[in-house]
There are 2 protein chains.
Amino acid sequence: MAKTVSERADLLPLLGEVFRSHGYEGATLALISKATGLGKGSLYHFFPDGKAQMAAEVLAEIDHWFEVNIFAALRKSDDPAQAIADMTAGVDRYFHSGHRVCLVGVIALGASRDIFSSQVQDYFSRWNDALAQTLRRAGFSAGVARRRSADALLTIQGALVLARALDDTKVFGQAMVDMKARLLAR
Amino acid sequence: MAKTVSERADLLPLLGEVFRSHGYEGATLALISKATGLGKGSLYHFFPDGKAQMAAEVLAEIDHWFEVNIFAALRKSDDPAQAIADMTAGVDRYFHSGHRVCLVGVIALGASRDIFSSQVQDYFSRWNDALAQTLRRAGFSAGVARRRSADALLTIQGALVLARALDDTKVFGQAMVDMKARLLAR
DNA sequence: TGGAGACTGTACCGATCGGTACAGCGAGTC
DNA sequence: GACTCGCTGTACCGATCGGTACAGTCTCCA
């Protein structure tokens with residue numbers, strides 16, 4: 001049979017989009033096969049444990065992207081205002097200004113949360129910790145820092161839900177502006 | 001066969017919990033049958049159009065509950081602070097302080113949004129309008145009122161996602177406190 | 001007392017589910 | 001040029017999917 005040079009690295013983003021738009025239970029192998037252009041044979045060659053492994057690896061890749069592009073800068077930046085501006089810009093870019101949904105959030109809400117609970121919890125709590133560190137460095141108490149960082153995370157998630165529900169991405173943009181202002185308000 | 005006095009009105013909340021915890025695509029008829037104690041025969045007697053009709057009627061019932069218990073008071077109350085306190089208390093009660101997830105939000109994020117998009121959009125935009133009315137009556141400009149009401153809605157949705165993701169309902173409680181303060185802040 | 005009709009469980013339908021088995025192909029290696 | 005081995009499509013598996021058909025049972029009203 002044909003050989004169509006499929007790199008695992010090229011596969012994960014495609015899988016991500018399928019899970020994003022159909023959820024874990026809604027993402028059937030037929031859908032995945034069509035989205036990737038790969039038959040079940042290839043799919044199970046790359047992911048012997050099937051759908052669960054695909055989703056776990058997609059989550060891991062997302063986690064890695066945020067670790068590199070968002071969390072790291074939050075932890076080590078010595079300019080909190082800049083770090084937060086960078087985070088906001090990065091988030092806006094990642095979620096395509098509200099057109100794209102958060103897979104981690106989708107899974108958190110679904111029944112598949114049980115399977116991926118530790119990955120989901122880890123993602124959000126590391127983000128929460130990193131952002132709280134930045135806020136502490138900006139001079140806020142530990143309590144205020146943690147409260148504000150949780151507020152920012154939840155604002156992002158809620159903005160994605162509402163923007164999609166109302167089919168209006170302006171909601172997302174406005175929420176990002178508000179969030180940024182609120183994080184560093186005195 | 002036996003007759004087990006099943007009222008349609010008693011059925012909808014049970015169906016709601018199934019859809020809430022498994023999503024639309026994850027809620028199989030077997031699950032629904034077990035949750036309601038009704039065989040397929042009875043289920044299709046009450047809902048000839050099957051799963052889609054069940055979900056649509058559950059959404060309609062939720063919409064009605066919010067209309068009666070939340071939106072109406074928001075629209076006609078002449079004490080904005082009290083109306084908002086009542087809304088917050090009602091929301092906290094409805095979502096069991098963050099233990100329960102929002103079905104409308106779950107559907108908005110999933111692939112089934114396409115089927116129910118008008119119901120989903122209607123629910124949120126009527127809530128948004130009602131809350132903005134209250135804020136206008138509290139003396140805010142139309143623009144501020146609409147921005148703040150969208151912020152409140154998104155805060156509720158995001159708090160539910162994050163509380164579930166972190167498995168920590170304190171996040172939800174704190175978000176409700178923050179939301180209430182933010183709505184009427186000068 | 002005997003329909004009528006609402007409600008019920010169960011057997012069954014074709015389609016699709018996630019997953020397995022496997023033979024065929026192609027690019028390297030010696 | 002034979003051998004290996006990573007990758008591929010496809011046929012197939014049992015289980016389950018949403019949905020239908022239908023006979024049996026109940027309540028209610030004439």
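The basis for the numbers below is simple: all heavy atoms, side chains too, and nothing from hydrogens, waters or symmetry mates. Values in this document were obtained by computation on a predicted structure and should not be read as measured data.
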Within this structure, what is the [atom1]-to-[atom2] distance between [X] and [N], rounded to whole angstrom?
| X | N | atom1 | atom2 | result |
| --- | --- | --- | --- | --- |
| Tyr44(B) | dC12(C) | OH | C1' | 14 Å |
| Leu11(B) | dC7(C) | CG | P | 11 Å |
| Glu25(B) | dG18(C) | CD | P | 12 Å |
| His45(A) | dA21(C) | NE2 | C1' | 15 Å |
| Gln53(B) | dG19(D) | CD | P | 11 Å |
| Lys34(B) | dG9(C) | NZ | P | 15 Å |
| Phe46(A) | dG18(C) | CZ | P | 20 Å |
| His22(B) | dT16(D) | NE2 | P | 15 Å |

### Message
At 4.0 Å (heavy atoms only), tell me whether Ala27(A) reaches a base, stays on the sugar-phosphate, or touches nothing.
### Response
sugar-phosphate
### Task
Name the nucleic acid region contacted by Gly41(A), choosing base, sugar-phosphate or nothing; use a 4.0 angstrom heavy-atom cut-off, strictly under.
base
### Spacing of CG belonging to Asp122(A) relative to CG belonging to Asp129(A), to within rounding of 0.5 Å
9.5 Å
### Query
Within a reach of under 6.0 Å around NZ of Lys51(A), are more than 12 heavy atoms found that belong to other residues, nucleotides or ligands?
yes
### Task
Kindly assign one of parallel, tilted or perpendicular to the pair Trp127(A) and Phe71(A), based on the angle between their ring planes and the thresholds 30° and 60°.
tilted
## Note on the structure
From the list Val161(A), Leu162(A), Thr155(A), Val91(A), side chain to side chain contact (heavy atoms under 4.5 Å, CB included) with Phe172(A) holds only for Val91(A)
### Check ion pair Arg182(A)-Asp178(B) (N to O, under 4.0 angstrom)
no
Which of these nucleotides, [options], is closest to any side-chain atom of [X]?
| X | options | value |
| --- | --- | --- |
| Leu29(B) | dG18(D), dC7(C), dG9(D) | dG18(D) |
| Thr28(B) | dG18(D), dC7(D), dT20(C) | dG18(D) |
| Ala30(B) | dC17(C), dC17(D), dC7(C) | dC17(D) |
| Ser42(B) | dT8(D), dT8(C), dG18(D) | dT8(C) |

### Message
Ignoring hydrogens and geometry beyond distance, is the side chain of Lys40(A) in donor-acceptor contact with the base of dG19(C) at under 3.5 Å?
### Response
yes
## Note on the structure
Ranking Lys51(A) and Leu43(B) by the position along DNA chain C of their nearest nucleotide, the one closer to 5' is Leu43(B)
